[in-house]
Amino acid sequence: MIISLHRRFIITILALSMLLQSGCGFKDIDKRIFVLSIGIDHSDNDEKPYKITLKLAVPSGSIKETGTKYTYLTKESESIASAVRLLKSHVDKEIDFGHAKVIVFGEKILEHDMNEVIDFFVRRRDIQKMSWVAVGKPSAEAVLKAEPSSEKSGSHALFNFFDQDGVESVYIVSTYLFDFYRRMSEKGYDPILPVLSSSDNKKKIVVNNSILLANNKEPLKLSPEETKLYNVMANNNEKLNLTVKRDKLLFTVSIDASKTNYKIITKPKQRPVLKMNVSMKGVIEEANQPMNPAKLSTYDKYVSKDLEKQLTELLTKLQENDADPIGFGLRYQASKLHTEKTYKEWRQIYPELSFDVHVKVSIMSTGIVE
């Protein structure tokens with residue numbers, strides 16, 4: 001009887017507490033408007049340095065309907081948070097960031113402290129840490145307002161560049177927000193961002209360059225070829241082409257498999273060495289003259305030597321600019337007994353590091369030409 005009364009008392013209290021509960025703040029989908037991408041530019045106004053652009057999806061009854069698919073909100077303010085709050089008063093629906101997958105920074109914003117810029121995004125619980133981060137050229141606003149002809153209703157072109165379900169290109173670097181934030185604070189692992197370039201008529205977006213942010217120095221730009229080589233070393237990217245020229249012979253190899261590994265060797269009284277091994281397999285995709293299957297080993301050597309030279313030149317360029325997007329410094333610290341001096345040791349070693357790159361390319365065939 002006592003237990004029964006006790007249970008009834010608890011049930012009564014719980015029932016009364018539920019009556020006193022306030023609403024959970026849930027809003028129906030017709031009361032929301034969804035942000036697809038966010039742009040941050042510098043406004044050249046010291047009092048209101050941040051210019052925020054939001055690309056919003058306009059609800060449509062059918063994907064076959066034509067007309068405007070997006071709308072844009074732009075605001076300048078002293079902080080990103082205040083700009084977003086002000087933009088909420090510009091629409092009749094709640095701005096929802098749950099579907100925002102791309103964050104674009106204008107080139108000028110890179111000249112400022114990026115830790116302050118991304119602080120808003122890593123603190124907000126409704127912004128995905130799996131969002132992609134990129135640089136917009138000539139500005140983040142121009143990139144967000146570009147609507148390529150290939151962009152269909154109900155989709156977003158910027159998503160297709162990075163999710164590997166659409167475009168698959170060795171010239172594209174995909175950087176997530178959580179990884180960008182980690183690299184900003186991690187010692188020995190510098191951030192790298194893809195560059196989104198918008199055409200003047202806003203009907204085309206090109207992504208084949210990248211930018212490095214290293215040790216509070218000026219951003220270091222990588223060309224399309226350098227971006228490709230970075231992806232080979234850092235991401236083991238496949239589906240790339242390597243072109244070789246020897247005298248009058250010009251041919252291109254399509255790589256179907258690629259693997260890269262490296263190790264840092266330090267010995268007393270000897271110059272530190274980074275040994276990198278790259279192995280690839282592919283077939284000849286194009287040539288300006290008939291290719292002899294009996295000379296595949298010779299063609300292998302041509303491609304291997306050229307790629308060794310290109311990789312060494314890129315590694316040297318990164319070293320000269322004190323940039324480390326591959327994470328050599330992080331690997332060094334992880335392979336040593338960690339002390340307060342470990343990172344200082346790496347900072348002394350990196351400028352003196354020599355590169356020993358060995359590439360082995362195996363050409364499986366000259367294609368299907370008979």
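Reckoned from all heavy atoms, side chains included, excluding hydrogens, waters and symmetry mates.
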Quick check: does any side chain N or O of [X] sit under 3.5 Å from a backbone N or O of [Y], one acting as donor and the other as acceptor?
| X | Y | result |
| --- | --- | --- |
| Q319 | L353 | yes |
| N231 | V170 | yes |
| S37 | L54 | no |
| D256 | K281 | no |
| S198 | I205 | no |
| N208 | P224 | no |
| S199 | K204 | yes |
| N45 | E47 | yes |
| Y230 | N235 | no |
| S258 | V232 | no |

Using the ring of each side chain (for Trp, its six-membered ring), is [X] parallel, tilted or perpendicular to [Y], with breaks at 30° and 60°?
| X | Y | value |
| --- | --- | --- |
| F251 | Y302 | tilted |
| F328 | Y262 | perpendicular |
| F34 | H99 | perpendicular |

Inspect the contact between R347 and D324 and indicate whether a charged nitrogen and a carboxylate oxygen are less than 4.0 angstrom apart.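 Salt bridge: no.
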
Can you tell me if [X] has over 12 outside heavy atoms packed within less than 6.0 Å of its [atom1]?
| X | atom1 | result |
| --- | --- | --- |
| K317 | NZ | yes |
| E286 | CD | no |
| N292 | CG | yes |
| R246 | CZ | yes |
| E345 | CD | yes |
| D126 | CG | yes |
| K88 | NZ | yes |
| Q289 | CD | yes |

What is the distance from atom [atom1] of [X] to atom [atom2] of [Y], rounded to the nearest 0.5 Å?
| X | Y | atom1 | atom2 | result |
| --- | --- | --- | --- | --- |
| L73 | L144 | CG | CG | 11.0 Å |
| S89 | K75 | OG | NZ | 7.5 Å |
| L311 | T260 | CG | OG1 | 7.5 Å |
| E285 | I255 | CD | CD1 | 10.0 Å |
| E313 | L229 | CD | CG | 9.5 Å |
| E78 | S43 | CD | OG | 10.5 Å |

Under 4.5 Å between side-chain heavy atoms, counting indirect links through other Ile/Leu/Val/Met/Phe/Trp/Tyr residues: same cluster for [X] and [Y] or not?
| X | Y | result |
| --- | --- | --- |
| V104 | W132 | yes |
| I103 | F180 | yes |
| V273 | M233 | no |
| Y189 | L212 | no |
| V84 | F105 | yes |

Write down the atom of [X], the atom of [Y], and the distance for their closest heavy-atom approach.
| X | Y | value |
| --- | --- | --- |
| A323 | L220 | CB-CD2, 4.3 Å |
| P325 | I192 | CB-CB, 4.4 Å |
| L314 | E226 | CD2-O, 3.5 Å |
| M280 | V278 | CE-CG1, 4.0 Å |
| V91 | L56 | CG1-CD1, 4.4 Å |
| D322 | A214 | O-CB, 3.7 Å |

Set out, in order, the CA-CA distance, both residues' side-chain angles and the distance that settles salt bridge (charged side-chain N to carboxylate O under 4.0 Å, His left out) for K55 and E147, then state yes or no. CA-CA 11 Å; K55 185 170 185 175; E147 297 183 10; 5.2 Å; no

Could you give me the CA-CA distance, side-chain angles and deciding distance for E225 and K228, then say whether salt bridge (charged side-chain N to carboxylate O under 4.0 Å, His left out) is met? CA-CA 5 Å; E225 285 300 312; K228 178 180 74 174; 3.0 Å; yes

Is the NZ or CZ atom of K129 positioned over F178's six-membered ring, under 6.0 angstrom from the centre and within 45° of the axis?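 Because its charged atom misses either the 6.0 Å distance or the 45° angle limit, K129 does not stack over F178.
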
For the residue pair [X] and [Y], establish whether any side-chain heavy-atom pair is separated by less than 4.5 Å.
| X | Y | value |
| --- | --- | --- |
| L177 | Q128 | no |
| K108 | D41 | no |
| R32 | K93 | no |
| Y50 | V117 | yes |
| T227 | V195 | no |
| N209 | V135 | no |
| I52 | I40 | yes |
| V253 | Y299 | no |

Is the centre of the Y181 ring less than 6.0 Å from the centre of the F121 ring?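 Here the rings of F121 and Y181 have centres that are no less than 6.0 Å from each other.
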
Given salt bridge (charged side-chain N to carboxylate O under 4.0 Å, His left out), test K263 with D356 step by step and report yes or no. CA-CA 10 Å; K263 59 181 178 179; D356 181 10; over 6 Å; no

Does L318 form a side-chain contact (heavy atoms from CB on, under 4.5 Å) with Y350? I'd like the steps, not just the answer. CA-CA 10 Å; L318 296 176; Y350 191 39; 4.0 Å; yes

Apply side-chain contact (heavy atoms from CB on, under 4.5 Å) to residues K336 and K341 and explain how you reach the verdict. CA-CA 11 Å; K336 302 293 182 182; K341 299 180 180 179; over 6 Å; no

If only side-chain N and O atoms count, and only distance matters, is there a donor-acceptor pair under 3.5 Å linking Y72 with E141?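 No pair is found: no donor N or O on one side chain lies under 3.5 Å from an acceptor on the other.
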
Are F97 and I38 close enough, and set up right, to give a side-chain contact (heavy atoms from CB on, under 4.5 Å), and what steps lead you there? CA-CA 9 Å; F97 289 93; I38 308 169; 3.7 Å; yes

Go through it in stages, so that I can follow the logic: the residues are R182 and D179, the test is salt bridge (charged side-chain N to carboxylate O under 4.0 Å, His left out), and I'd like the CA-CA distance, side-chain angles, deciding distance and then a yes or no. CA-CA 5 Å; R182 177 172 69 104; D179 186 47; 2.8 Å; yes

